[in-house]
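Report on one structure; see the data block that follows.
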Amino acid sequence: MKILVTGGAGFIGSNFIYYMLENRPDYDIVCLDKLTYAGNLKTLSEAIQNPKFKFVKGDIADREFVDNLFSQEIFDKVVNFAAESHVDRSIESPGIFLQTNIMGTASLLDACRKHSVSRYHQVSTDEVYGDLPLDRTDLFFTEETPIHTSSPYSASKASADLLTLAYFRTYNLPVTISRCSNNYGPYHFPEKLIPLIISRALNNESIPVYGNGLNVRDWLYVEDHCKAIAMILENGREGEVYNIGGHNEKTNIDVVKTVLSILGKPESLITYVKDRAGHDLRYAIDPAKIHSELGWLPETTFEDGIEKTIKWYLDNKEWWQDIINGEYRNYYEKMYGNR
Ligand code: NAD
Ligand code: DAU
């Protein structure tokens, strides 16, 4: 079994590669990644030692390059993690989101068709469903919830999902899609809420909280997401969408206070800043389908997962300090300087 993992130098893709190398040692894994600001080869330094793993630098939207790679390697399955993934960046510069998330997905789908790949899996997001009201805690996203996007990021991801389903219906391409809630864990880029809190709190810097901090996200430990994708890849039904989430809803301010308390840092670091444009209020996944069809359940509680994550950031300071001391400084100043 040879699988192509795109975007494997990023947060979830790299965790998936390590999960598969450990749990499916007979698989050959090729990672294709453009190494954008979010991709980091250091993250894959252990994987690169493994003879079952190979790294290829390239752009999923470069059709000629992708076609050549598929001719050389003969993949059985493809898992597409590669994307521009940060909502705030999509509000500043939507173009690259359309290019990578839509055109890149189209290029992979065409290569899968041409080279008769037996499964294409699209890693999508709960953000394609838009948001839920804060005062209706009885409502959850199911796979039947209509697509209703808020940001250029989520609109680009929804477009990719629609294309993927169109290739199933029109060309019988064997596809699956997973829509997951907010992940956290090792190798999470410090522009995202949890690693941003950890890295800034450890440096005794202010923690920017958008709006009133009462927006809700449904947090899932990244390894649970990786297990779910492996199950879908192996046993998911073609043409189906699977929601992934752990019933772990928290307000942003709760998350911030929990992390500060574990780190022994004062709440005076919290700084309320101007809200995100179009900020989704609440995400909450109903994972009943993947549970009943594939037997998946999250295994890591938020309490255990956040402890493990904080420990990882404490044990791997060099990984995130290299990032925040580089180009990221300009990013932070641009996004938060006048907020
Ligand atoms: P990330 O930003 O950490 O990593 C993205 C990776 O894709 C990087 O390694 C980057 O170099 C690579 N990449 C970007 N453009 C590329 C291109 N044109 N060609 C090849 N590689 C390219 O993202 P992440 O948080 O790991 O998310 C991975 C996937 O999971 C995305 O599709 C995202 O939409 C989805 N997702 C993320 C979350 C979350 O909480 N982070 C939740 C649900 C779904
Ligand atoms: O739900 C899945 C999605 O989760 C994925 O599809 C995205 O790729 C991923 O980035 C994530 O999107 P969010 O926008 O929910 O994640 P982010 O970490 O950017 O923000 C989480 C919440 O915290 C959100 O309500 C905005 C808020 N926030 C974020 C940052 C970066 C702050 O209050 N302050 C901040 O500085």
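In each ligand, atom 1 is the first atom listed, and ligand 1 is the first ligand listed. Numbers here simply count residues along the sequence, with the first being 1. Just so it is clear, the model here is predicted, and its values are computed rather than measured.
In this structure, the protein non-hydrogen atom closest to atom 26 (C) of ligand 2 is His279 NE2, 3.4 Å. Nearest to atom 3 (C) of ligand 2 among the protein's heavy atoms is Glu127 OE2, 3.0 Å. Atom 33 (O) of ligand 2 has its closest protein heavy atom at Tyr210 N, 2.8 Å. In terms of protein heavy-atom proximity, atom 34 (N) of ligand 2 is nearest to Pro208 O, 2.9 Å. Nearest protein neighbour of atom 36 (O) of ligand 2, counting heavy atoms only, is Tyr336 OH, 2.8 Å.
Contact annotation for Leu193 and ligand 2: heavy atoms of both the backbone and the side chain come within less than 4.0 Å of the ligand. Only the side chain of His86 comes within contact range of ligand 2, with a heavy atom under 4.0 Å; no backbone atom does. Heavy atoms of Asp126 found under 4.0 angstrom from ligand 2 belong exclusively to the side chain. At a heavy-atom distance under 4.0 Å, atoms from both the backbone and the side chain of Lys192 approach ligand 2.
Under a cutoff of 6.0 Å and an axis angle of 45°, Arg89 and Tyr331 form a cation-pi pair. Judged by the 6.0 Å distance and 45° axis criteria, Arg282 is positioned over the aromatic ring of Phe140. At least one test fails for Arg24 against the ring of Tyr19: distance under 6.0 Å to the centre or angle within 45° of the axis.
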Report task. Take Asp67 and Lys114, measure what salt bridge (charged side-chain N to carboxylate O under 4.0 Å, His left out) needs, and give me the verdict at the end. Result -> CA-CA 9 Å; Asp67 186 43; Lys114 180 171 169 195; 2.9 Å; yes
Query raised in the report: Checking side-chain contact (heavy atoms from CB on, under 4.5 Å) for the pair Ile324/Arg329: CA distance, chi angles, key distance, verdict?
Result: CA-CA 6 Å; Ile324 62 173; Arg329 272 178 192 282; over 6 Å; no
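Here Ile91 contributes atom CD1 and Tyr153 contributes atom OH; the two are 12.5 Å apart, rounded to the nearest 0.5 Å.
Taking the six-membered ring for Trp and the full ring otherwise, the centers of Trp312 and Tyr187 sit less than 6.0 Å from each other. In summary, the aromatic rings of Tyr167 and Tyr120 are positioned with their centroids too far apart to meet the 6.0 Å limit.
Among protein residues, Gly7, Ala9, Gly10, Phe11, Ile12, Asp33, Lys34, Leu35, Thr36, Ala38, Gly39, Gly58, Asp59, Ile60, Phe81, Ala82, Ala83, Ser85, Thr100, Val123, Ser124, Thr125, Tyr153, Lys157, Cys180, Ser181, Asn182, Asn183 come within 4.0 Å of ligand 1, judged on heavy atoms.
Between Asp286 and Thr142, the side chains place no donor N or O within less than 3.5 Å of an acceptor N or O (distance only, hydrogens not considered). A donor-acceptor pair shorter than 3.5 Å cannot be found between the side chains of His225 and Asn15.
Taking only non-hydrogen atoms, the option from Arg276, Met335, Glu191 nearest to atom 17 (P) of ligand 2 is Arg276.
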